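Read the structure below first, then the notes.
The model shown is predicted, which means the values in this text are computed figures rather than measured ones. Below, read A as the first sequence line, B as the second, and so on, with proteins coming before strands; counting in each chain starts at 1.
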2 protein chains.
Amino acid sequence: MAADGEVVSARQAADDGLVVAFGRLMGIANRLELLLGRAIEQECGISHLMYEVLLILGRAGEPGLAMSAIGRAQVLTTGGVTRLIDRMEIAGLVERADDPGDRRGRLVRLTSSGEETAIRATRLHRDNVQRLLADQLPPDEWARFAESLRVLGHSLESQVPRLR
Amino acid sequence: MAADGEVVSARQAADDGLVVAFGRLMGIANRLELLLGRAIEQECGISHLMYEVLLILGRAGEPGLAMSAIGRAQVLTTGGVTRLIDRMEIAGLVERADDPGDRRGRLVRLTSSGEETAIRATRLHRDNVQRLLADQLPPDEWARFAESLRVLGHSLESQVPRLR
DNA sequence: CCTAAATGCCTGACGAGTCAGATACTGTTC
DNA sequence: GAACAGTATCTGACTCGTCAGGCATTTAGG
């Protein structure tokens with residue numbers, strides 16, 4: 001990887017350390033999404049995105065979560081959330097209810113089938129994450145890596161604008 | 001985050017350490033894609049994916065790269081690559097040529113406009129990666145993080161099946 | 001209060017990828 | 001050297017997200 005300084009050729013651009021690190025991060029995310037997403041899909045019949053929403057809702061508990069909160073957590077536009085929840089509702093994983101505190105809003109919560117699916121998918125998913133990620137690094141490196149993820153995730157959450 | 005053991009509630013599933021770490025990784029990737037992708041798009045008029053392809057081609061140099069190699073590098077199906085390169089060709093960033101060594105194949109390479117765009121986008125992108133990622137961790141932690149990315153990326157590359 | 005701006009969700013049109021099948025060429029095997 | 005499996009790319013139908021615009025409701029100000 002190249003040192004700092006002005007980039008004057010495509011070759012140099014491609015070898016820049018920061019740029020490469022970012023590319024690796026995205027490549028890892030893409031490959032994990034493919035490998036783990038397919039596993040969840042085949043085992044439980046839901047997409048990886050749906051799985052993440054099941055987790056968010058499991059964490060939220062009663063009385064449910066606003067659509068907008070799901071969008072913020074998963075970086076989706078409001079339209080995207082509407083359609084995702086539509087599909088999940090049809091699949092029987094979640095249900096919508098009017099928000100008693102705000103008549104514009106709807107609260108989404110897990111159905112019992114959604115809860116079961118979250119649990120079942122997690123058993124599978126845990127093992128896959130262990131195998132594909134955690135086992136690839138010595139335990140202390142993995143711990144440091146996970147901690148860095150926490151820090152970075154935290155700092156990024158505040159910088160992403162709300163999507164409409 | 002929960003300790004190891006059987007997962008028996010959605011709440012527990014959502015708090016599992018490995019599952020959370022994976023979710024963070026994906027969340028970071030999504031947010032970076034949004035923030036950095038939009039920056040590139042506004043400044044240079046190309047998507048983040050196109051930018052990555054420009055880098056790959058810059059790295060490859062003459063006489064160009066096969067479509068299938070691009071698909072492997074970016075985790076795209078062959079159909080996806082065809083359409084992406086179609087758009088990039090229309091935009092004047094790359095050009096296709098017949099592969100003299102294999103009459104089924106085509107070689108893709110940067111045009112001079114594509115090369116310029118890669119350089120221009122990288123100047124912008126570098127600074128953004130620095131600010132959003134590297135600056136968020138102490139230098140030694142960032143170095144370790146980047147090294148872990150390298151290791152993980154390497155081990156994952158071999159595990160993703162070829163997409164058709 | 002009453003209006004204007006902001007917010008929450010939904011919808012039609014579109015963009016960019018997947019999937020599955022088609023076509024064209026290559027390499028192997030008998 | 002002919003058949004056949006394998007590989008490289010392209011295409012039509014589809015999926016799932018975005019974007020822009022709409023309506024209902026809430027909130028802030030005068």
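Taking every heavy atom of residues 45-53 of chain A and every atom of DNA chain D, pairs under 4.0 Å involve L49(A), by number. For residues 81-109 of chain B, proximity to DNA chain C is found at R83(B), R87(B), D102(B), R103(B), R104(B), defined as any non-hydrogen atom under 4.0 angstrom from a strand atom. Annotation: proximity of residues 56-80 of chain B to DNA chain D (heavy atom, distance under 4.0 Å) is found for A66(B), M67(B), S68(B), T78(B), G79(B), numbered in ascending order.
The pair E62(A)-R109(A) counts as a salt bridge, with a side-chain nitrogen and a carboxylate oxygen less than 4.0 angstrom apart. Salt bridge present: R11(B) and D15(B) bring a charged side-chain N and a carboxylate O closer than 4.0 Å. With salt bridges taken as basic N to acidic carboxylate O contacts below 4.0 Å, one links E89(A) and R96(A). Taking the charged nitrogens against the carboxylate oxygens, E147(B) and R150(B) do have a contact shorter than 4.0 Å, which makes a salt bridge.
Shown here are the side chain to side chain donor-acceptor pair (under 3.5 Å) partners of E157(A), two or more places apart in sequence or in another chain: there are none.
Looking only at atom types and distance, the side chain of Y51(B) has a donor-acceptor partner in the side chain of T122(B) under 3.5 Å away.
F145(A) and F145(B) have parallel rings, their planes meeting at less than 30° on a 0 to 90° scale where 60° marks the start of perpendicular.
The only option from R126(B), Q130(B), H48(B) that meets the side chain to side chain contact (heavy atoms under 4.5 Å, CB included) definition with F22(A) turns out to be H48(B).
The nucleotide range of DNA chain C contacted by chain B, defined by atoms under 4.0 angstrom from heavy atoms of the protein and reported 5' to 3', is dA16(C) to dT26(C). On the nucleic acid side, DNA chain D contacts chain B at distances under 4.0 Å to non-hydrogen atoms, with the end points of that region at dG6(D) to dC19(D).
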### T77(A) vs R164(A), side chain to side chain contact (heavy atoms under 4.5 Å, CB included): CA-CA, chis, key distance, verdict
CA-CA 5 Å; T77(A) 60; R164(A) 344 211 139 252; over 6 Å; no
### Query
Run the side chain to side chain contact (heavy atoms under 4.5 Å, CB included) check on V53(A) and M88(A) step by step: do they pass?
CA-CA 9 Å; V53(A) 171; M88(A) 293 181 73; 3.9 Å; yes
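Here the side chains of P100(A) and L107(A) are in contact, with some heavy-atom distance below 4.5 Å. Looking only at side-chain heavy atoms (C-beta outward), N128(A) and L124(A) come within less than 4.5 Å of each other. Considering only heavy atoms from C-beta on, D99(A) stays 4.5 Å or farther from P63(A) through its side chain.
Connection of V160(A) to L84(A) is not established within any shared hydrophobic cluster, with ILVMFWY side chains joined at heavy-atom distances below 4.5 Å, either directly or through further cluster members. Grouping the Ile, Leu, Val, Met, Phe, Trp and Tyr side chains by contacts below 4.5 angstrom, directly or via other members, places I70(B) with L55(B).
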